[in-house]
Amino acid sequence: MSEEKKPLTEEQDAPQTAAKTVAEKPAETKPAPLTDDDEIVIKLEDFQEEEEYPEDEMNMLSSLYDRTMNTITEGTIVNGRILDITAKDVIVDIGFKSEGIVPKEEFKNPDEIKIGDEVEVFLESLEGKDGELLLSRRRADFLRVWERVVSKYENDEIVEGVINRRIKGGMVVNLMGIDAFLPGSQIDVKPIRDFDAFLGRTREFKIVKVNHARKNIVVSSRVLIEKEVAGKREEILSTLEKGQVRKGTVKNITDFGVFIDLGGVDGLLHITDLSWGRVNHPSELVKLDQELEVMILDYNEQKNRISLGLKQLQPHPWENVKEKYPIGQRIKGKVVSITDYGAFIELEKGIEGLIHISEMSWSQHVKHPSQLLSVGQEIDAVILNIEAEAKKISLGLKQLEPDPWEKVEERFPVGTTHRGTVRNLTQFGAFVELEEGVDGLVHISDLSWTKKVRHPSEIVKKGDEIDVVVLGINREERRIALGHKQVEDNPWETFEEKYAEGSETEGTVAKIIEKGVVVILPLGVEGFIPNQHLGLPKGQSAKDVYKEGDTIPAKVIEFDKENHRIVLSVSAYFKGKEKAEWEEYMSSHGVEKTTLEEVARTSSSADASEEKAAEADEEEKKTL
């Protein structure tokens with residue numbers, strides 16, 4: 001198909017004019033050709049400089065060339081005409097000394113272009129490595145779009161784009177054919193949970209940043225949404241009232257509560273206002289994007305804070321609680337929390353009761369509630385007490401079983417003997433279990449008739465089975481007084497005859513203490529010999545002379561039946577005895593010879609009766 005020829009421009013016509021001028025010059029006469037036998041002779045005058053173009057012709061050619069170069073500049077968009085189309089390339093003439101080649105793939109619709117079409121191309125270089133023009137259709141298209149984008153940015157215009165793909169930190173938007181960056185924080189005013197849901201969407205954007213050097217564009221759809229929401233926000237805030245019920249959408253969930261979008265303004269639904277019941281985390285009750293009806297609890301205009309409530313839309317569970325849970329009623333509940341002092345039981349949402357550790361078992365000595373209960377366990381319990389104003393309910397677990405202290409007096413009358421198990425030892429006595437749930441205390445003074453017991457472990461051990469006598473019962477305070485020594489008859493009636501004051505006896509050293517010596521007398525009862533009655537000279541102590549197991553003769557100088565006390569004296573025993581007998585006794589214990597009179601002079605000058613009583617009282621306090 002023939003193409004209509006277009007008139008050439010002055011620049012395009014320049015080469016043809018120059019060629020015509022050269023062709024019109026008169027032809028020079030050429031010499032006859034030489035033969036092989038001809039001798040070539042060149043004269044000096046034959047050397048002449050080559051004749052140049054005339055000055056006016058040279059100026060014209062130079063002007064045409066300069067004008068052509070001035071209109072074609074590297075790095076700019078130029079117009080050209082398609083001269084030819086091959087399978088892969090398009091040949092374009094831009095009016096330069098040579099044509100340029102543009103890859104066919106750079107044209108958006110390569111099947112629609114044809115020879116003779118005017119096209120815009122970007123001139124990358126006037127001369128490539130092979131001397132050809134380097135042209136680009138793709139860059140020309142990019143720069144035209146870039147100019148439009150910059151224009152819209154400068155005029156603060158809104159543009160449309162398609163979200164193409166995800167990248168680190170955000171999305172890539174196709175903006176009129178070029179890529180723009182949409183940060184994740186600029187997609188919406190709400191937190192984005194599924195970025196892929198935005199792929200392929202066409203949205204309106206505002207260009208917020210243009211980097212000319214790096215040809216980067218940053219867009220935002222959030223600023224447009226915020227502008228739209230701002231109007232709604234003012235409208236909502238102007239109509240907010242306490243007690244108002246509004247619809248909202250769950251925007252975000254935190255450990256302390258839920259943020260609700262009320263349609264342009266956010267409010268906080270605190271975890272304590274989600275439910276009348278116990279809530280460990282808000283996600284137990286709500287989920288993201290869920291629509292809820294909430295009540296406006298408070299609005300702080302200065303801080304723009306809105307407090308919301310959900311539980312306030314439901315009746316308060318503590319209303320008529322006494323009618324719902326009468327005292328003594330058996331109820332079901334779930335263990336929701338365990339502490340050192342008890343377990344909290346949820347009876348219904350918003351109502352919890354406490355089972356104190358002391359109300360868990362009649363029989364077991366519960367050290368921690370976790371021994372019997374675990375969180376989440378469903379249990380039965382009994383209502384013991386209700387304080388509606390303080391929102392407290394006392395529950396009992398052991399009350400599900402009969403109270404073992406009921407009719408305890410009938411099963412364990414005072415004065416009766418029973419066998420029990422030692423469950424615990426303290427400084428003041430031993431606890432003995434008579435039956436499951438019923439313990440009694442054997443005081444340290446009721447463990448032995450004959451010994452001064454300093455700790456119960458001297459007589460009994462934990463786990464021992466022993467016989468005890470019921471001495472007293474206090475059912476209200478759940479106390480039973482027991483006696484172990486009372487199982488046997490009181491031997492002090494016999495002791496009174498055997499160890500009357502003035503009687504002589506022997507004792508075996510059981511213990512040496514600071515104030516004297518404790519001895520065991522023949523009937524197994526303990527006696528005490530104060531230091532001043534040991535008959536030792538000044539400067540010597542009981543530890544210097546005696547050791548455990550030694551036998552000491554002594555005379556009873558005091559017998560106290562009520563307080564179970566026997567006081568003895570060595571010096572009183574030897575008083576009136578032969579001097580040789582005294583000296584032999586002293587010698588057998590390695591004591592230097594001394595007389596009873598010398599011992600008496602070194603002892604206290606106080607009256608003997610007052611002294612022995614005072615020392616005995618003091619020693620009793622020490623040994624208990």
Side-chain angles (χ1 to χ4, degrees), residues 271-272 275-280 284 311 316-409 411-412 420-441 462 472-482:
I271 189 171
T272 57
S275 171
W276 293 113
R278 184 185 293 264
V279 180
N280 295 317
E284 297 174 5
K311 71 180 183 182
H316 199 296
W318 281 84
E319 294 178 4
N320 305 319
V321 68
K322 289 187 177 181
E323 287 74 15
K324 289 190 291 184
Y325 301 104
I327 292 175
Q329 179 182 358
R330 181 169 179 157
I331 51 89
K332 287 185 177 293
K334 182 174 72 173
V335 181
V336 293
S337 179
I338 293 178
T339 67
D340 292 338
Y341 55 85
F344 287 92
I345 312 300
E346 184 181 63
L347 308 184
E348 63 177 73
K349 288 295 182 182
I351 297 183
E352 294 180 6
L354 172 66
I355 302 179
H356 194 269
I357 193 170
S358 62
E359 302 294 345
M360 290 188 171
S361 174
W362 295 115
S363 57
Q364 296 185 47
H365 298 281
V366 183
K367 294 182 179 180
H368 195 274
S370 59
Q371 293 177 232
L372 301 179
L373 303 174
S374 59
V375 174
Q377 182 180 354
E378 299 280 347
I379 64 167
D380 289 340
V382 175
I383 305 292
L384 302 182
N385 187 39
I386 295 179
E387 297 179 38
E389 294 76 15
K391 295 182 175 57
K392 292 181 178 180
I393 298 180
S394 297
L395 303 174
L397 189 62
K398 67 184 182 182
Q399 286 76 9
L400 297 172
E401 303 292 337
D403 185 356
W405 284 82
E406 290 293 331
K407 300 180 181 180
V408 68
E409 297 93 339
R411 300 196 306 278
F412 303 102
T421 303
V422 178
R423 292 300 183 192
N424 195 23
L425 299 178
T426 68
Q427 290 288 341
F428 52 84
F431 286 94
V432 178
E433 183 183 61
L434 300 178
E435 66 177 33
E436 190 174 10
V438 179
D439 289 354
L441 173 66
K462 192 174 180 179
I473 296 177
N474 185 333
R475 188 162 61 87
E476 290 71 23
E477 296 185 7
R478 297 178 182 272
R479 292 180 179 178
I480 298 180
L482 303 174

Worksheet entry | From CH2 (Trp362) to CG (Leu397), nearest 0.5 Å | 11.0 Å

Discussion item. Can you give me the closest heavy-atom contact between Ala343 and Leu373, atom names plus distance?
Written reply: CB-CD1, 3.8 Å

Worksheet item: Sub-3.5 Å donor-acceptor pair from the side chain of Gln371 to the main-chain atoms of Lys367, do we have one?
Response: yes

Worksheet item: With distance as the sole test, does Trp405 use its side chain to make a donor-acceptor pair with the main-chain N or O of Gly437 at under 3.5 Å?
Response: yes

Fill in: Atom pair CG (Leu354) and CD1 (Ile345), whose distance is rounded to the nearest 0.5 Å
8.5 Å

Worksheet item: Listed by chain and number, what are the side-chain hydrogen bond (donor to acceptor under 3.5 Å, both in side chains) partners of Asp340, not counting sequence neighbours?
Response: His368

Worksheet entry | Salt bridge present between Arg478 and Asp403 (N-O < 4.0 angstrom) | yes

Worksheet, complete the sentence: Contacts of Glu284 meeting salt bridge (Lys or Arg N to Asp or Glu O under 4.0 Å) (sequence neighbours excluded), chain-then-number -> none

Practice prompt. For Phe412, enumerate each residue passing the ring pair (Phe, Tyr, Trp, His ring centres under 6.0 Å) test, keeping only those at least two apart in sequence or located in another chain.
Written response: His418

Item to complete: Measure across Leu347 and Ile393 and return the closest heavy-atom pair with its distance rounded to 0.1 Å.
Response: CD1-CD1, 4.0 Å

Item to complete: Find the distance between CE (Met360) and CG (Leu400) and round it off to the nearest 0.5 Å.
Response: 12.0 Å

Contacts table for residues 380-389: side-chain donor-acceptor under 3.5 angstrom, sequence neighbours left out:
residue : atom : partner : partner atom : Å
Asp380  : OD1  : Lys332  : NZ           : 3.0
Asp380  : OD2  : Arg330  : NH2          : 3.3

Identify all side-chain donor-acceptor contacts of residues 317-324 below 3.5 Å with residues at least two apart in sequence or on another chain.
residue : atom : partner : partner atom : Å
Trp318  : NE1  : Gly350  : O            : 2.9
Lys324  : NZ   : Pro317  : O            : 2.8

Item to complete: Taking the side chain as every heavy atom from C-beta outward, state whether Leu434 and Arg411 have any pair of such atoms under 4.5 Å apart.
Response: no

Fill in: Minimum heavy-atom distance Val279-Ile271, with the two atoms named
O-CD1, 3.6 Å

Worksheet item: Quick one: salt bridge (Lys or Arg N to Asp or Glu O under 4.0 Å) partners of Lys334, sequence neighbours excluded?
Response: none

Item to complete: Using a 4.5 Å cut-off on heavy atoms from C-beta on, say whether the side chain of Asp439 contacts that of Asn424.
Response: no

Worksheet entry | Residues forming a side-chain hydrogen bond (donor to acceptor under 3.5 Å, both in side chains) with Gln329, sequence neighbours excluded | none

Worksheet, complete the sentence: Heavy atoms of Ser370 and Ile338 approach each other most closely as N-CG2, 4.2 Å

Discussion item. If the condition is salt bridge (Lys or Arg N to Asp or Glu O under 4.0 Å), which residues does Glu378 pass it with, not counting sequence neighbours?
Written reply: none

Worksheet entry | Partners meeting salt bridge (Lys or Arg N to Asp or Glu O under 4.0 Å) with Glu433 (sequence neighbours left out) | Arg423

Item to complete: Indicate yes or no: does Glu352 engage Arg278 in a salt bridge with an N to O separation below 4.0 Å.
Response: yes

Discussion item. Test: side-chain hydrogen bond (donor to acceptor under 3.5 Å, both in side chains). Region: residues 390-400. Which pairs qualify, not counting sequence neighbours?
Written reply: Glu359-Gln399

Item to complete: Only counting residues at least two apart or in another chain, list the ones meeting ring pair (Phe, Tyr, Trp, His ring centres under 6.0 Å) with Trp276.
Response: His316

Response to the item:
Note: Ala430 and Leu425 closest approach over all heavy atoms is CB-CD2, 3.5 Å

Discussion item. Which heavy atom of Gly277 sits nearest to which heavy atom of Glu346, and what is that distance?
Written reply: CA-OE2, 4.4 Å

Worksheet entry | Which residues share a side-chain hydrogen bond (donor to acceptor under 3.5 Å, both in side chains) with Glu401, sequence neighbours left out | none

